[in-house]
2 protein chains.
Amino acid sequence: MAKPKKTPRPKAETPKGFRDYFGAQVTHRAEMLAKIAGVYHRYGFDALESSAVETVEALGKFLPDVDRPNEGVFAWQEDVDADKPGDWLALRYDLTAPLARVYAQHANDLPKPYRRYAMGPVWRNEKPGPGRFRQFYQCDADTVGAPSVAADAEICAMLADCLEEVGIERGDYIVRVNNRKVLNGVLEVAGLSGDDKEAERGIVLRAIDKLDRLGVEGVRALLGEGRKDESGDFTNGAGLSEAQADVIMGFMQAKGQSGAETVASLRGLVDGSQIGAQGVDELQLIADLLGAGGYGPDRVEIDPSVVRGLGYYTGPVYEAELTFDIQDEKGRTRNFGSVAGGGRYDDLVKRFTGQEVPATGVSIGVDRLLAALEAKGRLDTTAQGPVVVTVMDRDRMADYQQMVAELRKAGIRAEVYLGNPKNFGNQLKYADKRGSPIAIIEGGDEHEKGVVQIKDLILGAKIAESATHEEWMERPSQYEVPRTEMIAKVREILDSH
Amino acid sequence: MAKPKKTPRPKAETPKGFRDYFGAQVTHRAEMLAKIAGVYHRYGFDALESSAVETVEALGKFLPDVDRPNEGVFAWQEDVDADKPGDWLALRYDLTAPLARVYAQHANDLPKPYRRYAMGPVWRNEKPGPGRFRQFYQCDADTVGAPSVAADAEICAMLADCLEEVGIERGDYIVRVNNRKVLNGVLEVAGLSGDDKEAERGIVLRAIDKLDRLGVEGVRALLGEGRKDESGDFTNGAGLSEAQADVIMGFMQAKGQSGAETVASLRGLVDGSQIGAQGVDELQLIADLLGAGGYGPDRVEIDPSVVRGLGYYTGPVYEAELTFDIQDEKGRTRNFGSVAGGGRYDDLVKRFTGQEVPATGVSIGVDRLLAALEAKGRLDTTAQGPVVVTVMDRDRMADYQQMVAELRKAGIRAEVYLGNPKNFGNQLKYADKRGSPIAIIEGGDEHEKGVVQIKDLILGAKIAESATHEEWMERPSQYEVPRTEMIAKVREILDSH
């Protein structure tokens, strides 16, 4: 007789490119988001939480095509009923596209300008790689409907405040500001502003966006004849003359000893271009407004070498960089680099309403920021484990429950051991796995004498590392105290760690 | 010549059944979740954040069938490459299924027992209705791997602490506990425990689960011949005799004046059933453990009328109910009802590993809890709007930036008006829309005199409601103070609200 077919057991696995976060990984991030939300709130920004799911139509950009409907986003088709096909829905891939939809949908109810912040996961249907996940957090603040660069200045100041609030000290970061309009002026001066120069401008924009990766020589090559990469592949250049390329390179390297010097250099570079002059004026105004608020060049500076996103944004561009060195995974010392960036973009809701609405905003990379704080040893990694009340006599569970209730009432994280209490060693192993600072023991003898044993597990572990057998036997990390003094002794030990 | 075809503009709309949350809707929930997380943490529970996306295989339960792959969950098929079809992925529909997957996947790294909490959105592919959304928050705590009902008692105590922590006063809630094993005993006594009685047991379980909705008479009818509902449809009953139905009804109505009385009634009802006696013992033990921790019947009580979920859980079942009355949307007074529930289920990871692992846990309905606090007027609704610094002279934006920087440094939420400053009335309208408590005005005259005007908008609004024209003209809600005293005066006004 054939055996009945068994349903195979499902695999207990996260989908590829997704992961779980445990304990402090969750709480550290939650604390950071709460701190940043506090700063955003103080600047008058209001919270917005849009749904994770949007119509593909509203999301735009990554419209599914017929062959590969899932390209870029996770998308699926609603099945409303048999007669008519449902809408295509998708998980949001950032927090800006939903902001555009919300602003267009709720225009009448929102204040103008509208300052909003949003934090939450976004999803990308991309090939996962080491350290690259398909779900990750974004933490954005944007001002919609304010054409003045005062809005940009405000966001730069707020960004500096956020970094200090989460524990990056002044001097360990710099917010750098550039302006796409200055670049436009530079392109004009270099003779690249005509309609017939669109191809060249495209190559130039892509080239300067690669400054981080290719360095000055690489960008210079792309501005000229082109560049052969390590694999031997050749990328065509913009074909600029030496003089033209000098102007572009001069822009990226225009940073002087002071803000005034930088502004003077830029003004010289864009001489004769109206848009360029306007861009330099805007940078000057941003610096002035920030200076008035107490945000000097030790925190926010004008820096024409900020090139990332210049191809995308339409006005001021800003980036926060951590300036300290860390050791990378291969033990090499390197600069930590960028943790936040943003800028001005002026076509936020045009897709929906036909009207141009100016907007400027920043996105803080919370996961990178957490990594930075960890690298600097600035995350609170003191033992977060609970005090564990062990179970010596399972019939006296009520006594142990009373102990943990007392501890919790005193604000101390505590739990009673809920596994099988037979093997006491397992209880201590459990406390160890939990990172518990203290175990409490009350067997029959202790109960009769009205005392408890309090074991300092952190001191115990230290002693175990270095103590002689005699020292070990003296058990200097365990204390017998009257039951009535349990809370006081626990507190004393916790304070000593 | 034909006009070029225009791409139609996308609709700015949330997908059906989804919504956006603004301002205090977001922050009130975030504050509530943080408070609950604090209690969970104090009880030794560790945070877990699993990904929103799971394989359909791991989620189980709602496996997509061929005809309607999206039933119950939002699901889509990965397209890995042309040759082999990708996995089916789906958004999680609760936080329990991911816990099962996580526990099976990371078994070696997790402490045993494993206490974990999780909070976040879940998604249901269901027909949306009024007040019913397809994305909503869950806020769960579960203990996995602890067979002892001490784990259940602990969660009941924690639930009481959570409610008090978020602002539900003692006396305004009750945590009620029942036990599926007692019901099993009752079924046995009623002669419904045989393999041949499965159909009747199913009808009985479904009937008592409907007690809230159908009332005693409705349930009684379903235990007997059956019941005709308002629409005229007839539901077949279990066909129990009067005597059998009496036993079942007696169980649901066994609550006495005291816990001891209730336990005595139940013990009588299940006389002769081993599983029933075990269930009563467990209820007794839970009450004892809770009593030892200070959680008396004013907070947690044994109540056999808790029937919701008895069909699903395998041991203790618990539910938190708010006991105060509210006015419903039609102005009728009614009991607020349930805000949290949970119980013991013993097959959490069996699907993955083949092993039975006991688990017990609770889910708090944060949105209902927020509604309750709002109904009781216990949500902080004091003006959260920012102090608005108006722009009287756009060339002195730097001065206004300095003012807001000072205010923020003093911890006061503040912003400068970033719209077009030409029309001053628009600036005040904006402040009104923002719910601003205060507007600050510094025109050229004030600037020369070294003073600012501080307008108390909340007092102003009150006066506008009731004041005579003379009172209004005296402008008692506007103050002129030296610029150096701006912060002090703002603080004084904020404290007076």
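To find a chain, count down the sequence lines: A is the first, B the second, and so on, and within it residues start at 1.
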> Mind checking whether Glu154(B) and Val416(A) have side chains closer than 4.5 Å, heavy atoms only?
Replying inline: yes

>> Does any backbone or side-chain atom of Arg115(A) lie under 4.5 Å from a heavy atom of chain B? Answer side chain, backbone, both or neither.
In response: side chain

>> Looking at every heavy atom in both Pro15(A) and Ser51(B), which two are closest together, and how far apart are they?
In response: CD-OG, 4.5 Å

>> Can you tell me which portion of Pro386(A) sits under 4.5 Å from chain B's heavy atoms? Options are side chain, backbone, both or neither.
In response: side chain

>> Tell me the closest heavy-atom pair linking Glu415(B) and Tyr43(A), and the distance in Å.
In response: CB-O, 3.8 Å

>> Between Gly419(B), Pro111(B), Gly293(B), who has the most heavy-atom pairs with chain A when the cutoff is under 4.5 Å?
In response: Pro111(B)

> Between Arg19(A) and chain B, which part of the residue has a heavy atom less than 4.5 Å away: side chain, backbone, both or neither?
Replying inline: backbone

> Who passes ring-ring contact (aromatic ring centres under 6.0 Å, His included) against Phe45(A), sequence neighbours left out?
Replying inline: none

>> Does Glu13(B) form a side chain to side chain contact (heavy atoms under 4.5 Å, CB included) with Glu57(A)? I'd like the steps, not just the answer.
In response: CA-CA 10 Å; Glu13(B) 277 173 16; Glu57(A) 184 192 4; over 6 Å; no

> Where do His106(A) and Phe22(B) come nearest, in terms of heavy atoms and distance?
Replying inline: CD2-CZ, 3.6 Å

> So do the side chains of Lys112(B) and Lys433(A) get within less than 4.5 Å of each other, counting heavy atoms only?
Replying inline: no

>> Given heavy-atom pairs under 4.5 angstrom as the criterion, report whether the side chain, backbone, both or neither of Arg134(A) touches chain B.
In response: side chain

> Considering only heavy atoms, which portion of Lys409(A) lies under 4.5 Å from any heavy atom of chain B: side chain, backbone, both, or neither?
Replying inline: side chain

>> Please identify, among Gly354(B), Gly145(B), Ala37(B), Ala157(B), the residue contributing the most non-hydrogen atom pairs under 4.5 Å to chain A.
In response: Gly354(B)

> Which atoms form the tightest heavy-atom contact between Asp288(B) and Ala398(A), and what is the distance?
Replying inline: O-CB, 4.5 Å

>> Using heavy-atom distances under 4.5 Å, tell me whether Ala52(A) contacts chain B through its side chain, its backbone, both, or neither.
In response: both

>> Could you measure the distance from the CD atom of Gln401(A) to the CD1 atom of Ile286(B)? Nearest 0.5 Å is fine.
In response: 10.5 Å

> At a heavy-atom separation under 4.5 Å, does Leu110(A) approach chain B through its side chain, its backbone, both, or neither?
Replying inline: both

> Can you tell which of Ala30(A), Ala47(A), Ala405(A) has the highest number of heavy-atom pairs within less than 4.5 Å of chain B?
Replying inline: Ala47(A)

> Which answer fits Val349(A), side chain, backbone, both or neither, if we ask what part of it has an atom under 4.5 Å from a heavy atom of chain B?
Replying inline: neither

> Do you know which of Arg116(A), Gln402(A), Glu406(A) has the most heavy-atom pairs under 4.5 Å to chain B?
Replying inline: Gln402(A)

>> Given heavy-atom pairs under 4.5 angstrom as the criterion, report whether the side chain, backbone, both or neither of Phe136(A) touches chain B.
In response: neither

> Given a strict heavy-atom distance threshold of 4.5 Å, which part of Asn420(B) is in contact with chain A: side chain, backbone, both, or neither?
Replying inline: neither

> Val39(A) versus Arg408(B): any side-chain heavy-atom pair under 4.5 Å?
Replying inline: no

> Does any heavy atom of chain B fall under 4.5 Å from the side chain of Pro121(A), the backbone, both, or neither of them?
Replying inline: neither

> Looking at Val53(B), Leu33(B), Thr27(B), Thr55(B), which has the largest count of heavy-atom pairs under 4.5 Å with chain A?
Replying inline: Val53(B)

>> Below 30° counts as parallel, above 60° as perpendicular, anything between as tilted: where do the rings of Trp123(B) and Trp123(A) land?
In response: perpendicular

>> Under 4.5 Å from any heavy atom of chain B, what part of Asp161(A) do you find: side chain, backbone, both or neither?
In response: neither

> Any Lys/Arg nitrogen of Glu49(A) or Arg29(B) sitting under 4.0 Å from an Asp/Glu carboxylate oxygen of the other?
Replying inline: yes

> Can you say whether Leu418(A) sits under 4.5 Å from chain B via the side chain, the backbone, both, or neither, judging by heavy atoms?
Replying inline: both

>> For Leu48(B) versus Val26(A), what's the shortest heavy-atom pair and its separation?
In response: C-CG2, 4.2 Å

>> Quick check on Val388(B) against chain A: is it the side chain, the backbone, both or neither that has a heavy atom closer than 4.5 Å?
In response: neither

> Side-chain contact, heavy-atom cut-off 4.5 Å: Leu91(B) with Trp76(A)?
Replying inline: yes

>> Given heavy-atom pairs under 4.5 angstrom as the criterion, report whether the side chain, backbone, both or neither of Phe352(A) touches chain B.
In response: both

> Is the shortest distance from a Lys or Arg side-chain nitrogen in Arg413(B) or Asp46(A) to a carboxylate oxygen in the other one below 4.0 Å?
Replying inline: yes

>> Could you measure the distance from the CG atom of Asp87(B) to the NZ atom of Lys11(A)? Nearest 0.5 Å is fine.
In response: 6.5 Å

>> Using every non-hydrogen atom in the two residues, find where Thr14(B) and Gln105(A) come nearest and quote the distance to one decimal.
In response: N-OE1, 3.1 Å

>> Within the structure provided, determine whether Met397(B) and Leu285(A) are in side-chain contact (heavy-atom separation under 4.5 Å).
In response: no

> Are any non-hydrogen side-chain atoms of Phe18(B) and Ser50(A) less than 4.5 angstrom apart?
Replying inline: no

> Are any of the side-chain heavy atoms of Arg9(B) and Thr353(A) separated by less than 4.5 Å?
Replying inline: no

> Hey, which of Gly294(B), Pro113(B), Ala414(B) has the most heavy atom pairs under 4.5 Å with chain A?
Replying inline: Pro113(B)

